[in-house]
Structure formats: C-alpha cells, structure tokens
Amino acid sequence: MTDKVRVRFAPSPTGYLHVGGARTALYNYLFAKHFGGKFILRIEDTDQARSTEESLKMLIEDLLWLGLKWDEGVDPKTLKDVGEFGPYKQSERLAIYKTVADEIIKAGLAYYCFMTDAEIDKQKELFKAQGKPPHIQSPYASMPLAEALIKIKGGEKAVVRFRTSSLKKDYVFKDLIRGEVKFPSDMVGDFVLLRSDGMPVYNFCCVVDDYKMGMTHILRAEEHLSNTLRQLMIYEAMKWKPPEFGHLSLVLDEDRQKLSKRKGATSCHEFKLEGYLPEALKNFIALLGWSHPEGKEVMSMEEMIKNFSTSRVNPAGAVFDSVKLKWMNAQHLRALPHKDLWNELLPFIKTPLSGDQKTFSEGGWADKALTALKPSFETLVEGAEAFKVFSEEMKFADEAEEVFKWPTTKSVFEAWYNALSLPKWGTYLLEEEFLEIQKKIQTESKVKGKELFQALRVAVIGKPHGTELKLLVPLMKLENLKHRAKLACERV
RNA sequence: GUCCCCAUCGUCUAGAGGCCUAGGACAUUACCCUUUCACGGUAAAUACCGGGGUUCGAAUCCCCGUGGGGACGCCA
C-alpha cells in the first residue's frame, strides 16, 4: 500500500449527480490533486432495487461534464474497471465481503440472525414504548455457530449481525473538519453486515473497500458522521488501521433543509441544460463551505487545487444560493476568450445563423456580437435568447406601447425605414453609416433625445431598452432591419 | 425519545483572546458612467442566538439553555 494520498467518491448510482454529491466529489478531487494523490470512483450499487446501469451512465456524464476525472474506477464508456484495486463496483465484490464477514464471524464478533421483519418491528416498538433506544436484541446472538450453520444448510435465511454487546467503551476519532468526535459504543445496536441474500450493507462494504482500496482519507457528507462509529468497530474487529475522516456539512435549500429535488434545480445536469459553465458551478460549489485563504472568490481549478485544505472547510451547513451561482457564472462567462465563449454558446443557439455569422474569427461577426451582447447575459441560455435578435421574428414588448403613443414616433419609424430602403447599403450597415442615418433623421425630423433613440430602438428590437444601437445595428442584416422597421411602421 | 454535529449581515463567508468601531462577496438601496438597458465604478444599510463563567481583555475558550441539522434500516 502506498503512502500517497488516495481518496474516493463513492456514489450510489440513482440518477444525475446532485449538487451535494458534486461538492463531495469536488472536495475529494481538490484534496487528491493538491497532494498529488489519486482520486478514485467507486460505485456503491449494493441496493439493487435502486441502482441501474442507466443511472450510472447519467452520473458519469455529469462527473465528466464537471471535469472531475478519476484516476481509478470504471471506464466512462465501457464501464469496465480501470485500476489495480478493482473491481470498483460493489456488486462485483461480493466474494470479498463474504470472506471478510466469515472472518469476523469466526472471531466471534458477528453472528447469524434469523429474526423476521415482524419480530424486529415488534421489538423496536416495544423498546420505543419503554423509552429505550430502538436497538435490536437478537435471541440468536448466543446461538452457537455450528447450530446456526445447520439452520442455514437447511435453507433458512439469515443476516449477519455485528456483535456490539461486548464492546463497552467510547470510540474517539479526530475528524479533519470537526476535530475530536466521541461516540459511546452503546449508541448502536447489533447492526447488519450481510443481508439475507448475501448482499453487504453500506457500513460494511464501505469499510472493506476503503481498506482494500488503500484509501488514506475519507471526505464525505455529514450524514455519515454517525456511521463512522459502526465503521470504526469493523476496522477494530479486523485489526485494520482506519483512514482519516472528514465530514462535510450538508448543502441546504432556502428553508435550511437538506437540498431536495422538489425545490428548483439540484442536479448538475439541470445546470448544464440551463447554460451554466462547469467551471462556474465548481467554483460556486467549492465556496459552499470552503474559502480561499485570501478570500478570493472567482477562481480557476488550478487556484482551487493549489489552495485547498480541509482546515479551511467550514463545519456548518451552507444554503445553496442560486442567485450567487448565476453571478458566478456571469463572471466565468465574461472572462472567457470570445472564441471559447462562442464555442460554448453555439450549441444553445437554436435560431438560424448564416455561415459568416457562425464561424468565429478575430474581429469577425461573432466576436463583435459577443462584445455587444456579453454584458447582458449570465447563462448560455440567456445568451442564446439574446442572439435571437439576429434571426427571429420581432415581438413588441409591453414597454413599447408608450413609445407608440408619442406623436413623433411615426415620423421616426418612417424616416428609418426610408433610409434603410436606399439602394446604397451592403448586407450590413457599417457603424458610421448607422450614425449618419441617425443624425439625418434627427436633423430632418427635429426629433431628439429619448423620442428619437427609444423609438429607433423599438424599430430595431421591439423594446425601448437594450443594447447600444451603434453596436447592435451593424450586426443585423439589412433585410432584417428593414423588415423590422416595416413592422414598426405598421404599428403606428 | 436517545446519541452526534452545527450556530457571525437575508445568503456564502473572514475571524486561532487584544489587530474588530467585526472584513470581503452575492443580493438590496443611492449616486457616478451612459441621451436607454446591461456592464463597470463609488458609497450606504444590515450580523457575532441567549445566559452564565474563565480572563486585565471574549465573536474567538468552558458550561447551560435555545434553535437548526443528521443518525438511530436487510438505504446509501
């Protein structure tokens, strides 16, 4: 086993990656890369009712989109194992768990339990009524192993339970994020290691895998904090040295509840569809519980890796603020070189663009269009919306109604239309040509100020507010401008 | 119910006993830039959950409350 840092992200594949899970994955990734260690993806699919290959593919898709590539785990395409500690899917490691369970049974630290669900429920209710903790007290705890084996040979189903009754002490460990945490051993009852169908249970396979896969540090969500006691007991039973643990706080919604699917977007997939950049999502999620030593907020992955430390991870729960995420996205969007921004934006633009518009070149159409429109959108979806002005039919906004009422508007619209109809223009109007027309309308119609500018804008984009016209107009095809001007004339 | 974790502006946070008259960011408001909007700039407003200790001195350490969260599964 190596001294190098080895950490893992161990999701159970039940659908797209949730932002809470994404943060756990990200912190593990940052931690691994910070120390030059390995980031491993392990698939916890022992709950066969919920785990499907379809879900696994969705999960992998999100992880890759985020750019959190793992060094060991499954191949994204074939789902075959990559790395020397495999298999990495728990459903393929059943024999390993069985061997370890047998060892614990042989040592007398676990036993076969034949209790039925009904018996368990009855006992729990009884204990609860007596104000006792609802811990199972199995009558089979004292059954000799040979006897239990005979029952099993006879076809009876049994779970394997870990024996906690003989352990009477506190379990203490130093959490990387929370400091010393102490659990009394009677906090838990005899818990299940192996289900009656032979499938291992989370707390058991987690320990076996973390140990066998050589994990040095476990960074996981707080909901697992109390599970650590059971896991520590298993490490002790096997005389294995436990890794170091760090428990991350939960990501909460606006009501300070654990983030759930019911309220807004919670999966990375949704943010991808809404036009968020993975770099922005990662940056934002990283800040949900971690901070840069100098308080820097907008960061690249390199900066996060360089500065990541569990000592700067906050133990308190963090509310997911989608407004700030949007701001963060805008920051990353605007910092992107136009060529890259254009490549990101293009798949979101559904309206037709001509060939000269689509192809990016320095100082070309797309470059200029981004300069003009970039400050007005914060997501790629909003960006695509902004680009509709170049190809989609114009709709007049409600705010335009007031402009239509001005007595001067009709003459502005007509002057604009007439100017555009002159035969001397090319496919596009140049900025100087537009300014010239504007000037001409002003002097000839004697309209100025907002009566002129807002009316012109309504004739161009259907709204009195928006991008500076001298930037926008030269990007619009003359025929489009003419068409729109005509529509405007028809309205008054 | 039992055990565990957590607690600084509305939100994310800085803060390791004196640098705190509590700093930054998002959001909010005002102003500036701009014949519009957005971007950008400047400024304002807003927080140490409560009570006890310890100390010359507490946001920071300890205790007790309170509040929030988590766990108590043949889920993970």
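Numbers restart at 1 for each chain; the letters A, B, ... are given by sequence-line order, proteins then strands.
Within 4.0 Å of A:Gln454, counting heavy atoms only, lie sugar-phosphate atoms of the nucleic acid but no base atom. Residue contacts shown for A:His135 are limited to sugar-phosphate atoms, with no base heavy atom under 4.0 Å away. Across all strands, A:Gly295 comes closer than 4.0 Å to no nucleic acid atom at all (heavy-atom distances). Backbone-only engagement by A:Arg230 is indicated by non-hydrogen atom pairs under 4.0 Å involving sugar-phosphate atoms exclusively. Residue-level contact check: A:Lys124 touches the backbone only, with heavy atoms under 4.0 Å from sugar-phosphate atoms and none from bases. Within the nucleic acid shown, A:Lys182 comes within 4.0 Å of sugar-phosphate atoms alone, with no base atom in reach, counting heavy atoms only. Contact annotation for A:Pro464: base contact, defined as any heavy-atom pair under 4.0 Å involving a base atom. Contact annotation for A:Ser12: backbone-only contact, meaning every heavy-atom pair under 4.0 Å involves sugar-phosphate atoms and none involves a base.
In this entry the distance linking CZ of A:Arg161 with C1' of B:C72 reads 13 Å, nearest Å. If you take CZ of A:Phe377 and C1' of B:C37, they are 15 Å apart, rounded to a whole angstrom. Residue A:Arg334 contributes atom CZ, which lies 7 Å from atom P of B:C39 at whole-angstrom precision. Rounded to an integer number of Å, the gap from A:Leu229 CG to B:C5 C1' is 14 Å. What separates CG of A:Leu452 from P of B:U36 is a distance of 13 Å, to the nearest Å. Whole-Å rounding puts the A:Asn227 CG to B:G73 P distance at 11 Å. Between A:Met328 atom CE and B:A27 atom P there is a gap of 11 Å when expressed in whole angstrom units. A:Leu225 places its CG atom 11 Å from the P atom of B:A71, with the value rounded to the nearest Å.
Among B:G70, B:C3, B:A76, the nucleotide with an atom closest to any side-chain atom of A:Glu44 is B:A76. Checked against B:C74, B:U36, B:C5, the side chain of A:Val181 finds its nearest nucleotide in B:C5. Between B:C74, B:U35, B:C39, one nucleotide has an atom nearer to the side chain of A:Gln442 than all others, and that is B:U35. Closest to the side chain of A:Val192, from the set B:U35, B:C74, B:A76, is B:C74.
Of the two residues near RNA chain B, A:Pro200 and A:Phe453, the one whose nearest nucleotide lies more 5' is A:Phe453. Map A:Lys157 and A:Lys448 each onto its nearest nucleotide of RNA chain B; the residue landing nearer the 5' end is A:Lys448.
Formation of a donor-acceptor pair under 3.5 Å by the A:Ser196 side chain with backbone atoms of A:Lys157 is not found in this model. Between the side chain of A:Arg178 and the backbone N or O of A:His247 there is at least one donor-acceptor pair closer than 3.5 Å.
Under the 4.0 Å criterion applied to side-chain N and carboxylate O atoms, A:Glu279 and A:Lys282 are assigned as salt-bridge partners. One finds a salt bridge joining A:Glu236 and A:Lys169 here, because a Lys/Arg side-chain nitrogen approaches an Asp/Glu carboxylate oxygen to under 4.0 Å. We find that A:Glu436 and A:Lys440 are not joined by a salt bridge, their nearest charged nitrogen and carboxylate oxygen being 4.0 Å or further apart.
Across every strand in view, B:A7 sits in a pair with B:U66 that passes the Watson-Crick or G-U test at under 3.5 angstrom. In this structure, B:A59 forms no base pair with any nucleotide, since neither Watson-Crick nor G-U wobble geometry is met with both distances under 3.5 Å. Nucleotide B:A44 is matched to B:U28 when pairs are restricted to Watson-Crick or G-U wobble geometry with both distances under 3.5 angstrom. Nucleotide B:A14 is matched to nothing when pairs are restricted to Watson-Crick or G-U wobble geometry with both distances under 3.5 angstrom. Partner assigned to B:C37 is none, using Watson-Crick or G-U wobble distances below 3.5 angstrom. B:G73 is unpaired under the Watson-Crick or G-U wobble criterion, no partner having all donor-acceptor distances under 3.5 Å.
B:C74 and B:U8 have their C1' atoms separated by 44 Å, with the value rounded to a whole Å. With both ends at atom P, the span from B:C72 to B:C12 equals 26 Å, rounded to whole Å. Taking the C1' atoms as reference points, B:C9 lies 10 Å from B:C48, given to the whole Å. When the P atom is compared between B:U11 and B:C49, the two are found 12 Å apart, to the nearest whole Å. Spacing of C1' atoms, B:A76 relative to B:A71, comes out at 13 Å, to the nearest Å. Between B:U46 and B:A22, the distance separating the two C1' atoms is 13 Å to the nearest Å. When the C1' atom is used for both B:U54 and B:C62, the distance is 7 Å, rounded to whole Å. With both ends at atom P, the span from B:C63 to B:A27 equals 40 Å, rounded to whole Å.
Note on residues 178-200 of chain A: pairs passing ring-ring contact (aromatic ring centres under 6.0 Å, His included), not counting sequence neighbours, are A:Phe162-A:Phe191.
Distances shown here put every side-chain N or O of A:Lys258 at or beyond 4.0 Å from the OP1 or OP2 atom of B:G68.
Using modelled atom types and a 3.5 Å distance limit, the side chains of A:Asp45 and A:Ser91 yield a donor-acceptor pair. Remark: the A:Thr409 side chain and the A:Arg491 side chain contain no N/O donor-acceptor pair separated by less than 3.5 Å.
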- ring-ring contact (aromatic ring centres under 6.0 Å, His included) between A:Phe31 and A:Phe39, intermediate numbers included: CA-CA 9 Å; A:Phe31 188 84; A:Phe39 174 60; over 10 Å; no

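Classified by interplanar angle (parallel below 30°, tilted 30° to 60°, perpendicular above 60°), the ring pair A:Phe308/A:Trp290 is tilted.
Side-chain to base pairing of A:Ser226 with B:C3: no donor and acceptor N or O lie closer than 3.5 Å to each other.
A salt bridge (charged side-chain N to carboxylate O under 4.0 Å, His left out) with A:Glu382 holds for exactly one of A:Lys374, A:Lys326, A:Lys388; it is A:Lys326.
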- Query: What does nucleotides 12-17 of chain B look like as a protein-contact string, B for base, S for sugar-phosphate only, - for none, at under 4.0 angstrom between heavy atoms?
  - Reply: BSSS--

